[in-house]
Q: 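Sharing a structure below in structure tokens format, with a few things to ask.
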Amino acid sequence: MGVEIRVEGLRKSFGRQVIWEDVTFTIPAGEISALLGPSGTGKSVFLKNLVGLLRPDRGHVFVGGGDVPRLRENDLYELRRKFGVLFQDGALFGSMNIYDNIAFPLREHTRKGEAEIRRIVLEKMEMVGLSGAEGKLPGEISGGMKKRAGLARALVLDPEVILADEPDSGLDPVRTAYLNQLFVDLNAEMGATFLIVTHDIGTARVLPDNLGLLFRRGLVMFGPREMILSSTHPAVNQFFNARRQGPIGMAEEKDLAEIESEGAAPASMPAPIPPQLMPSDGGPRPAMRRPGAWLREHHVEAPPGSFIDDEGRDWMTEWESLTSARQRPQ
Ligand SMILES: Nc1ncnc2c1ncn2[C@@H]1O[C@H](COP(=O)(O)OP(=O)(O)OP(=O)(O)O)[C@@H](O)[C@H]1O
């Protein structure tokens, strides 16, 4: 099962470059969250702070009772076993075949025998659709396969939290769609907490339960997908609708000055909110909210055309008949 991550008052700088001043939010247990933001806003730095690879100037990262920046080396080593991290390029060892790459954390962090290791590695390879690729070297497989191998390796210690840094970078749209489906299916199956950093607006709009935006040395907003995708906050609206009009410019330094002279651009109507990706077996994930639930609860009108899928079905009104109910969120 996944754990909650609570971040409080996080500040990080490198020399005179302040990355963020005061980031505070909670990543809910067992849900899929995605973090976005223009280049250089510190998304990768944030992931590294969560696992203690970088230390903040100040602030807290509470995971499972411990405060990551204050853990001693031994405790940090233990805590890292709760995390499965998928780095941008898969971070595979080039000279090791895929099997040995995926087995690596088990050989490094556990005392399991080779038979048990084999069982786990083959199981995770099957989960990510890599069965049969055991003997291949990373240089012999495609970018998408490398990502899936990196993901299988992130899964072998049965993590409670999965962090993925731009898992879709460099993938074609079809492979991205497969990878997103894999995240949804894994979350449904494992119940782990997922935090995915992505630049892909298509992914951000359909995959996660929660979305966050980093911009201007801070977290602009973090919350349920429907809250973010219906927001008229200028930066949030601009970013999640991939618009040029708004406070985010080509370079952050430049747009700050521009905004001061121009004033904030008015936000336009948010685009229709698409239905959220369902697990392959058709049943909703435990963490999934009923389409429109957040909007209704907060008396926010859905942007026209929301929750209609490619086949013209309205997920808000036809939810019951469209989900083959195992556990139906209210
Ligand atoms: N170890 C480091 N030492 C000094 N500066 C660093 C270090 N790591 C990151 N930075 C700086 O911190 C800033 C944020 O980097 P980060 O890689 O987290 O950005 P990002 O939001 O993930 O960007 P992108 O979307 O382009 O991947 C950058 O300006 C980067 O140069």
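Counting starts at 1 for both ligands and their atoms, in listed order.
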Q: Any idea which atoms of ligand 1 are less than 4.0 Å away from a heavy-atom of Ile19?
A: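 Heavy-atom distances to Ile19 below 4.0 Å select 12 (O), 13 (C).
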Q: Checking a contact table here: which protein heavy atom is nearest atom 8 (N) of ligand 1, and how many Å away?
A: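 Scanning the protein heavy atoms, the shortest distance from atom 8 (N) of ligand 1 goes to Phe14 CZ, 3.5 Å.
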Q: Mark yes when over 12 heavy atoms from residues, nucleotides or ligands other than Arg118 sit less than 6.0 Å from its CZ; otherwise mark no.
A: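 Atom CZ in Arg118 is not packed in, count stays at 12 or less.
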Q: Can Glu114 and Arg107 be counted as an ion pair, charged N to O under 4.0 angstrom?
A: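 Here Glu114 pairs with Arg107 in a salt bridge, since their nearest N and O are under 4.0 Å apart.
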Q: Looking at Phe62, I want to see if its CZ is surrounded by more than 12 non-hydrogen atoms of other residues, nucleotides or ligands under 6.0 Å.
A: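 Enclosed: over 12 neighbouring heavy atoms sit under 6.0 Å from CZ of Phe62.
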Q: When you measure from atom 28 (C) of ligand 1 to every protein heavy atom, which one gives the shortest distance, and what is it?
A: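 I find the closest protein heavy atom is Gln17 NE2, 4.0 Å.
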Q: Is there any N or O on Gly40 that sits under 3.5 Å from an N or O of ligand 1?
A: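 There is such a contact, yes.
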Q: Scan the protein's non-hydrogen atoms and note whether one is under 4.0 Å from atom 18 (O) of ligand 1.
A: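 It does; a protein heavy atom is within 4.0 Å.
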Q: Could you check whether Asp168 pairs with Arg175 (Lys NZ or Arg NE/NH1/NH2 to Asp/Glu carboxylate O, under 4.0 Å)?
A: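 No, Asp168 and Arg175 are not salt-bridged.
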Q: At what distance is the nearest protein heavy atom to atom 26 (O) of ligand 1, and which residue and atom is it?
A: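 Residue, atom and distance for the closest contact: Ser39 OG, 3.1 Å.
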Q: Looking only at protein heavy atoms, which one is nearest to atom 27 (O) of ligand 1, and what is the separation?
A: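 Result: Glu166 OE2, 3.2 Å.
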Q: Considering non-hydrogen atoms of the protein only, which is the closest contact for atom 15 (O) of ligand 1, and what is the distance?
A: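 For atom 15 (O) of ligand 1, the nearest protein heavy atom comes out as Val45 CG2, 3.8 Å.
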Q: Could you check whether any heavy atom of Gly37 sits closer than 4.0 Å to an atom of ligand 1, since that is the contact criterion I want to use?
A: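 Heavy atoms of Gly37 never come under 4.0 Å of ligand 1.
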Q: Going by the closest heavy atom to atom 22 (O) of ligand 1, which one wins out of Gly42, Ser44, Ser13?
A: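 Looking at heavy atoms only, the winner is Ser44.
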Q: Are more than 12 heavy atoms from other residues, nucleotides or ligands located less than 6.0 Å from atom CD of Glu116?
A: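 Counting neighbours around CD of Glu116, more than 12 heavy atoms of other residues, nucleotides or ligands fall under 6.0 Å, so yes.
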Q: In terms of the angle between their ring planes, are His109 and Tyr77 parallel, tilted or perpendicular, with boundaries placed at 30° and 60°?
A: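 The arrangement is tilted - the two ring planes meet at 30° to 60°.
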Q: When you measure from the centre of the six-membered ring of Phe14, is the NZ or CZ of Lys12 under 6.0 Å away and within 45° of the axis?
A: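 Checked: cation-pi criterion met.
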Q: When you measure from the side chain of Thr193 to the backbone of Val161, do you find a donor-acceptor pair of N or O atoms at a distance under 3.5 Å?
A: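 Not confirmed, Thr193 side chain does not pair with Val161 backbone.
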Q: With heavy atoms of His199 as the reference, note each atom of ligand 1 found under 4.0 Å away.
A: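 Once the distances to His199 are compared, the set is 24 (P), 25 (O).
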Q: Distance to 0.1 Å, residue and atom name: give those for the protein heavy atom nearest to atom 21 (O) of ligand 1.
A: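 Result for atom 21 (O) of ligand 1: Lys43 NZ, 2.8 Å.
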Q: Return the OG1 to CG distance between Thr41 and Leu213, rounded to the nearest 0.5 Å.
A: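 Rounded to the nearest 0.5 Å, the OG1-CG separation comes to 7.5 Å.
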Q: For atom 30 (C) of ligand 1, is the nearest protein heavy atom closer than 4.0 Å?
A: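 There is no protein heavy atom less than 4.0 Å from atom 30 (C) of ligand 1.
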Q: Tell me, please: is Lys48 in heavy-atom contact with ligand 1, that is, under 4.0 Å?
A: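 No, Lys48 has no heavy atoms under 4.0 Å from ligand 1.
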